[in-house]
2 protein chains.
Amino acid sequence: MTRTNAQYRLVARPVGLPRASDWKYVEEPAPNPGEGEFLVEVDYLSIDPAMRSWMNEGRSYVPPVGLGEVMRAAGIGHVVESHHPDHPVGEVVSGSFGVQRYAVCDGKGVTPVDLSLGEAPVHLGALGFSGLTAYFGLLDIGRPEPGQTVVVSAAAGSVGSLTGQIAKLKGCRVIGIAGGPDKCRFLVDELGFDGAVDYKAGSVRARLKDLAPNGVDVFFDNVGGQVLDDVLARLAHGARVVISGAVSQYNSTQGMSGPSNYMQLLVKRASMTGFVIFDYAARYGEARAELAEWLRSGRLKERTHVIEGGVERFPEALLGMFAGDNTGKLVLAL
Amino acid sequence: MTRTNAQYRLVARPVGLPRASDWKYVEEPAPNPGEGEFLVEVDYLSIDPAMRSWMNEGRSYVPPVGLGEVMRAAGIGHVVESHHPDHPVGEVVSGSFGVQRYAVCDGKGVTPVDLSLGEAPVHLGALGFSGLTAYFGLLDIGRPEPGQTVVVSAAAGSVGSLTGQIAKLKGCRVIGIAGGPDKCRFLVDELGFDGAVDYKAGSVRARLKDLAPNGVDVFFDNVGGQVLDDVLARLAHGARVVISGAVSQYNSTQGMSGPSNYMQLLVKRASMTGFVIFDYAARYGEARAELAEWLRSGRLKERTHVIEGGVERFPEALLGMFAGDNTGKLVLAL
């Protein structure tokens with residue numbers, strides 16, 4: 001049986017916003033797994049802001065994707081051929097399979113997916129890295145207490161929408177920052193946030209003064225740039241700023257912009273802390289069990305935005321995300 | 001007895017570096033203390049970078065000095081007239097007396113000085129806010145462990161020189177960042193630092209790569225700006241950045257510059273935390289006792305740079321500090 005492997009390989013390092021021509025679409029025969037290996041047919045790919053940082057030269061929290069290599073992506077698939085004792089044909093698995101239809105694996109970094117906890121795409125969102133990032137970033141780094149005010153940026157996105165809801169579950173007052181009236185309505189009407197700030201509609205700082213008059217106890221930041229500066233100006237005494245991402249800066253052609261209000265950390269006796277979700281691997285199970293229970297009971301809502309059409313639509317999907325097209329977790333169905 | 005009170009009053013809010021004309025020199029009769037008050041003759045004034053921030057409009061960690069008011073300054077003096085039961089004539093006291101020869105006090109914020117622990121000016125430095133800031137900022141916020149690498153900026157200054165020495169006492173490898181070869185020699189030869197980086201002599205980042213090849217575990221920052229960015233680029237996994245000040249930015253005419261490398265906090269799972277020494281008031285005693293013991297045993301060296309000449313030399317003293325003239329604690333003798 002000959003399987004055709006559709007792929008996107010990185011061929012250029014973008015300056016600013018990526019272009020479709022930064023990747024090359026390739027079709028080649030799918031490789032045959034050797035002894036101790038298995039072949040995964042990928043069904044869903046996770047489309048993430050962090051993909052942009054993997055395209056840059058130089059190591060970030062992971063090494064860059066090499067030129068000529070298959071573009072990195074997390075995915076969910078099923079085993080179609082196996083010479084590995086632990087991964088039989090038919091098993092549903094998640095892993096960093098890349099932007100391609102078929103991936104050969106030796107088992108490292110591949111995890112069986114428990115479909116009883118949720119459908120496959122949900123394991124890329126609320127039960128995947130989005131949910132785990134929201135869970136550990138908010139609870140371990142942000143450490144919100146009941147009654148405190150939690151602000152989340154990119155709040156209608158995959159991580160942000162889950163972070164805000166978990167904060168609500170913990171008894172916090174939650175304000176989301178998002179772009180446009182539709183996303184803001186979604187946060188308040190669908191997800192139960194206490195307030196939303198449309199960063200495209202005026203001063204975030206002034207709106208926060210109204211919505212969080214006693215200051216911001218926890219800020220979970222996915223965005224950086226002006227939004228980060230605006231929230232720093234409104235911190236409460238002893239606030240915790242959780243650095244989860246900086247999507248406003250990933251496509252900057254002028255280098256990263258640092259938070260010029262960072263001395264508010266001194267004035268407010270506050271901290272700003274970064275984290276990488278991989279450090280919590282030993283605790284994924286406990287978090288996933290709690291997230292699944294919240295989903296099952298309806299206390300946590302997940303929204304998955306699925307783009308159909310296969311590998312070929314990858315550049316369009318990623319660029320659409322940077323344009324703010326999606327609400328919730330963006331997934332490409334292959 | 002008529003006492004003449006020489007004072008500097010703030011009369012303009014500077015843009016950029018202050019000028020002598022931002023204060024007005026005034027001589028007026030010293031006030032008479034009323035019931036429950038006492039008169040302090042000020043002997044030494046503490047000259048601090050933070051003074052610049054008190055000249056700006058708008059609240060920082062303390063309210064600004066009002067136009068027309070006596071410039072704020074911490075000092076040491078002795079009681080020359082008293083209608084207060086707890087503060088007899090002759091008592092040596094510290095407090096925020098302002099840039100003036102005589103201050104009337106009601107006792108609030110005034111602390112008796114224990115001269116058995118050290119001479120009067122030392123109570124503005126190693127036994128005063130400089131020592132307390134170094135002690136709590138390093139030990140409580142930085143939490144260095146033996147064998148870890150600690151970097152200090154403005155390392156030849158009052159707070160920095162004490163911070164580095166305390167880190168040495170705790171078994172750390174200590175690198176200081178300072179301006180010019182004399183200060184760098186002072187750090188290594190006099191204070192026992194393991195290395196020094198002259199920020200005026202080339203790339204701080206490259207020098208740190210040589211001197212701290214395994215990265216920086218604790219950065220105690222008094223400076224901000226480019227130095228902060230350079231050290232952020234060299235953080236070790238799990239590093240703690242202590243924000244104690246940002247003297248490079250206080251005189252900026254273009255607003256504060258934020259650390260553009262702040263996403264290294266994420267890459268390195270690091271934190272950046274601000275603090276204000278006043279929050280530790282309940283623990284000043286324990287810290288002062290330990291600092292005094294270190295001084296007495298010669299394990300901690302303090303250098304006080306005393307400018308003689310009285311109140312009139314205040315603007316010159318402060319501007320000299322911003323030009324980097326002093327090594328150690330700068331004190332104006334009245």
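Hydrogens, waters and symmetry mates are skipped; everything else that's a heavy atom, side chains included, is used. Quick note on labels: first sequence line is chain A, next is B, and so on, each numbered from 1.
Remark: A/Asp279 engages B/Arg269 in a side chain to side chain donor-acceptor pair (under 3.5 Å) (not counting sequence neighbours).
Taking CE from B/Met55 and CG from B/Asp22, the interatomic distance works out to 5.0 Å, rounded to the nearest 0.5 Å.
With contacts defined as side-chain heavy-atom distances shorter than 4.5 Å, the pair B/Arg143/B/Val242 does not qualify. The closest side-chain heavy-atom distance from A/Ser244 to A/Thr133 is below 4.5 Å.
Using a 4.5 Å cut-off between heavy atoms, A/Phe275 contacts chain B through its backbone alone, with no side-chain atom that close. A/Ala270 touches chain B through its backbone: at least one of N, CA, C or O sits under 4.5 Å from a heavy atom, while the side chain does not. Residue contact with chain B, scored on non-hydrogen atoms closer than 4.5 Å, involves the backbone of A/Ser257 exclusively. Of the atoms belonging to B/Leu228, it is side-chain heavy atoms, and not backbone ones, that fall under 4.5 Å from chain A.
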